[in-house]
Number of protein chains: 2
Amino acid sequence: MTTPRPGLRERKKQATREALREAALRLAVEHGPDRVRVEDIAEAAGVSPRTYNNYFASREQAIVSAVTADREARIAAAVAARPAEVRLADAVTEAVVAQYTNTGEREQKALLLITAQTALRDAFLEAAAGIEPPLTAVLAERLADAEAHTARVLAASVAAAVRIALEGWLRPVQSAETAERHTAAGLVLPSGSLPDRLRAALAPLAPAFDAAEQHTRP
Amino acid sequence: MTTPRPGLRERKKQATREALREAALRLAVEHGPDRVRVEDIAEAAGVSPRTYNNYFASREQAIVSAVTADREARIAAAVAARPAEVRLADAVTEAVVAQYTNTGEREQKALLLITAQTALRDAFLEAAAGIEPPLTAVLAERLADAEAHTARVLAASVAAAVRIALEGWLRPVQSAETAERHTAAGLVLPSGSLPDRLRAALAPLAPAFDAAEQHTRP
DNA sequence: ACGTAAATTTGCGTGCACGCACTTTTCCTG
DNA sequence: CAGGAAAAGTGCGTGCACGCAAATTTACGT
């Protein structure tokens with residue numbers, strides 16, 4: 001139903017997107033994030049530079065997207081998968097934590113990279129805003145009869161909270177030297193516990209979720 | 001205390017910023033938003049194009065900033081001005097509504113302009129995110145002993161809600177032709193009541209504010 | 001009043017994002 | 001299995017954002 005048909009066209013499109021992501025990340029890791037031009041990425045993916053920009057609106061977006069993948073969509077799916085009995089606030093929190101508590105070794109390296117450059121950090125944080133649309137849809141379903149925009153506001157608030165948590169998590173590493181020292185010491189993860197930060201950031205929103213839920217079926 | 005001294009340097013800087021804003025808006029109104037180049041704005045403000053970019057990170061930002069001015073700072077100030085007895089959620093809502101319930105005739109014309117072009121609309125919406133820092137400071141003061149990040153999350157949620165309200169308010173006008181018809185009919189404001197939309201968008205967050213307030217002094 | 005340190009402005013060069021028009025590929029229907 | 005519509009890829013041109021380093025302006029102690 002959500003997949004009326006794969007279709008050759010669609011598959012090729014995804015393949016291109018994938019190739020671009022992959023090339024962007026690989027080149028960024030190899031030569032450093034600021035020493036890779038769009039032209040190089042496009043060439044590595046076997047596509048014209050102009051096409052590259054049909055897929056990504058900025059160079060940073062491509063690199064970050066290789067790490068982020070479709071995490072946002074998975075969060076929404078995870079929320080939808082929870083039984084209707086659990087507190088909505090808990091369902092959302094756990095879904096977010098679960099999806100950000102990965103991860104592969106590949107992602108670790110990439111995060112180090114992202115931390116090192118301001119433009120990449122910003123793109124990474126901004127990518128978290130992508131939770132809003134899918135999460136809005138899921139929340140709207142749960143809060144069925146409530147006013148339509150409530151779901152949207154809550155979803156956007158979650159996105160904001162996640163952004164804040166990630167920001168705080170990445171902050172201590174700010175400089176490239178710090179990153180170096182951390183790597184040397186074997187500390188791959190920037191600082192503190194990301195799950196804790198996420199929970200803390202989402203906690204203040206719980207009452208809003210509870211109220212919305214109550215309003216639906218008292 | 002916040003003004004240790006005006007200083008010639010600072011005054012000149014503000015004058016330049018003002019001149020750029022003014023020039024950007026005037027030229028955009030005169031020739032249409034997409035028919036004004038950075039070079040033109042800079043020249044009209046008597047400054048080099050490179051300097052222009054020391055003040056604004058994008059062409060849209062300059063135009064929008066002429067309309068937005070320091071609305072975000074005023075919202076925070078308005079919240080701070082309310083007596084400590086009033087419900088925090090109400091204080092914030094009223095402050096937001098008051099500051100967005102403008103406005104001069106000049107702003108009306110500018111809004112029409114902004115509505116007409118996607119890039120400008122985006123910049124306008126993104127500008128609303130500027131509420132976060134000052135609002136965080138004010139909220140942190142009210143929620144003194146609560147965990148520090150609560151203020152930040154709430155402020156960011158407010159910013160998100162405002163963005164959503166503005167988005168819905170601007171949506172019906174999307175196309176330039178629609179804008180034309182509206183002007184011809186004398187309807188300057190895009191659609192519906194902005195105050196209503198703002199209140200509706202902020203309402204779902206009220207429980208979160210209440211809970212945070214309770215937590216401070218039960 | 002002078003000189004030095006700091007901040008601001010400016011010119012230049014590089015990559016980049018994106019509109020537009022055109023070509024190539026995929027899809028669908030008779 | 002055409003053949004034409006729709007969509008994706010491409011080349012080109014324009015304006016722009018921004019790093020860098022030199023020039024200019026402001027601030028301030030002596």
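Side chains included, hydrogens not; waters and symmetry mates left out as well; all remaining heavy atoms used. By convention in this document, chain letters (A, B, ...) are assigned in the order of the sequence lines, proteins followed by strands, and residues within each chain are numbered from 1.
Contact check of residues 51-61 of chain A against DNA chain D (heavy atom, cut-off under 4.0 Å) returns A:T51, A:N54, A:Y55. Residues from residues 13-28 of chain A that place a heavy atom under 4.0 Å from any atom of DNA chain D, listed by number: A:K13, A:T16.
A rotation axis mapping the C1' atoms of four pairs onto the next four is fitted at both ends of the helix from C:dA1-D:dT30 to C:dG30-D:dC1 over five pairs, and the angle between these axes is 30° to 10 degrees.
Residues satisfying the salt bridge (charged side-chain N to carboxylate O under 4.0 Å, His left out) criterion with A:R21, sequence neighbours excluded, are A:E18. In this structure, the side chain to side chain contact (heavy atoms under 4.5 Å, CB included) partners of A:A156, at least two apart in sequence or on a different chain, are A:E132, B:A160, B:R163, B:I164. Residues passing the salt bridge (charged side-chain N to carboxylate O under 4.0 Å, His left out) test with B:R17: none are found, sequence neighbours excluded. Shown here are the salt bridge (charged side-chain N to carboxylate O under 4.0 Å, His left out) partners of A:E39, two or more places apart in sequence or in another chain: there are none. For B:E126, the salt bridge (charged side-chain N to carboxylate O under 4.0 Å, His left out) test picks out no residue, with sequence neighbours left out. Evaluation of the side chain to side chain contact (heavy atoms under 4.5 Å, CB included) rule for A:V138 yields A:A76, A:V79, A:A80 as partners, not counting sequence neighbours. Residues satisfying the side-chain hydrogen bond (donor to acceptor under 3.5 Å, both in side chains) test with B:D70, not counting sequence neighbours, are B:R74. Residues passing the side chain to side chain contact (heavy atoms under 4.5 Å, CB included) test with B:A119, sequence neighbours excluded: B:E60, B:Q117.
Note on A:K12: every side-chain N or O is 4.0 Å or more away from OP1 and OP2 of D:dA8.
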Nucleotides 20-22 of chain D: which of its N/O atoms have a protein N/O under 3.5 Å away?
none

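Of the candidate nucleotides D:dC16, C:dT10, C:dA6, C:dT10 has the atom lying nearest to any side-chain atom of B:V47.
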